[in-house]
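In what follows, a single structure is set out as structure tokens and then discussed.
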Amino acid sequence: MKDSQAFDHRPDPELGAALRGALDPNDDQKAFVARVMAQYERALDRATVPTIDVLASWFRPGIAAAAAALIAGFLLGRTVLAPAPASIDAAMALVDGPGLAALVTASDPPDASVVFSSLVDER
Amino acid sequence: MGSSEEDKGLVAKALAGDRAAFGVLVERYAAQARRVARGVLGDPDDADDAAQDGFLSALVKLAQYDTRRPFGPWLMRIVANAATDRRRRRNVRQAEPLDPALVGGGPRPDAAAIRSELGARLRTALGELPERRRMAVVLFDVEGYSHAEIAGILGIPEGTVRSEVFHARRRLRTLLADWKEQAR
């Protein structure tokens with residue numbers, strides 16, 4: 001064994017042998033090898049089959065999710081893009097004038113001349 | 001352990017679906033993989049489970065193996081990862097409990113018992129080291145991998161491997177020297 005304070009780039013045979021003795025399973029490995037090989041086919045199956053299974057399992061939910069997203073997007077887009085109804089104040093601000101006052105306060109249907117005059121006043 | 005070229009030939013056959021070729025690789029590396037896994041996990045049954053996981057994972061990933069590089073370090077990286085994953089899942093710091101009779105330096109009926117006592121002490125000491133440190137010393141002093149190869153296996157810089165091996169050795173050599181002193 002070497003000086004414990006020295007930095008050595010080579011393996012320490014004594015320590016290595018002691019550790020090997022401590023970690024060795026102390027059997028002939030045959031049982032372990034047989035155990036691994038017993039899982040050989042299953043491991044390969046697990047590695048290949050799931051790829052197809054996963055894709056298949058994703059297909060239907062994927063289509064459904066895509067359709068739902070499409071519908072939701074359409075509805076949302078329609079809501080966002082539809083022109084908002086103008087408020088009465090905004091409308092009156094645009095066409096403010098005596099003609100408009102007569103138009104909105106009259107109890108009877110307005111005469112066509114009133115409507116035209118309110119537009120002419122605005123211009 | 002077989003030569004690197006033989007390993008590559010076996011890998012090629014295994015990739016082509018030769019079950020027996022993969023079996024030869026398992027035979028070649030079983031002892032090493034089990035020791036490395038036990039270095040991480042302590043418990044021999046857990047270690048065998050992890051080593052098995054490692055071999056089967058390697059089988060599935062065999063197409064990813066770069067044949068320009070040696071097979072052993074590639075496989076040991078997978079085994080070490082399998083052991084580390086199992087250890088994390090277990091979420092218990094592994095330190096194999098010592099037989100109280102051994103701690104007290106009880107009677108030693110024969111050489112086998114003495115070896116067993118040293119083994120138990122070393123496993124306990126390994127279990128007390130940080131995981132990366134004990135993996136580094138096992139891979140270097142037990143399995144004979146170079147610092148560069150261990151750096152590849154553990155995914156750490158080569159200088160860190162040297163440092164880890166140095167610190168692990170300091171602890172284990174002290175224990176070994178004390179044990180030899182007591183054994184006289």
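Residue numbers begin at 1 in each chain, while the letters A, B, ... track the order of the sequences. Since this is a predicted model, take the numbers as computed values, not measurements.
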**Message:** With side chain to side chain donor-acceptor pair (under 3.5 Å) as the rule and sequence neighbours excluded, what pairs involving residues 27-37 of chain A come up?
**Reply:** A/D27-B/R34, A/Q29-B/R34, A/R35-B/D49, A/R35-B/Q52
**Asked** Got a sec, which pairs hit side chain to side chain donor-acceptor pair (under 3.5 Å) with one end in residues 14-24 of chain B, sequence neighbours left out?
**Response** A/E41-B/R19
**Prompt:** Are any of the side-chain heavy atoms of B/L59 and A/V36 separated by less than 4.5 Å?
**Reply:** no
**Item:** Nearest-0.5 Å distance, CG of residue A/L19 to CZ of residue B/R134
**Value:** 12.0 Å
**Asked** Can you tell me how far CG of B/L122 sits from CG of A/L15, rounded to the nearest 0.5 angstrom?
**Response** 7.0 Å
**Asked** A/Q39 and B/F55: side-chain contact (heavy atoms from CB on, under 4.5 Å), yes or no, with the steps?
**Response** CA-CA 10 Å; A/Q39 298 293 318; B/F55 277 114; over 6 Å; no
**Message:** Tell me whether A/R20 is salt-bridged to B/D141, with the criterion being a basic N under 4.0 Å from an acidic carboxylate O.
**Reply:** no
**Request:** Identify whether the distance between the nearest side-chain nitrogen and carboxylate oxygen of B/R169 and A/D12 falls below 4.0 Å.
**Result:** no
**Prompt:** Is it the backbone or the side chain of B/A51 that comes under 4.5 Å from a heavy atom of chain A, or both, or neither?
**Reply:** both
**Request:** Name the region of B/F140, side chain, backbone, both or neither, that has any atom closer than 4.5 Å to a heavy atom of chain A.
**Result:** both
Closest contact, heavy atoms only, [X] versus [Y]:
X: B/V60; Y: A/A43; value: CG2-O, 3.6 Å
X: B/L118; Y: A/A18; value: CD2-CB, 4.3 Å
X: B/G23; Y: A/V33; value: O-CG1, 4.3 Å

**Request:** Identify which part of A/F32 has an atom lying under 4.5 Å from any heavy atom of chain B, answering side chain, backbone, both or neither.
**Result:** side chain
**Message:** Check whether B/R35 reaches the backbone of A/D24 with its side chain - one donor and one acceptor, N or O, closer than 3.5 Å.
**Reply:** no
**Request:** Assess whether atom NZ of B/K13 is packed by more than 12 heavy atoms of other residues, nucleotides or ligands within 6.0 Å.
**Result:** no
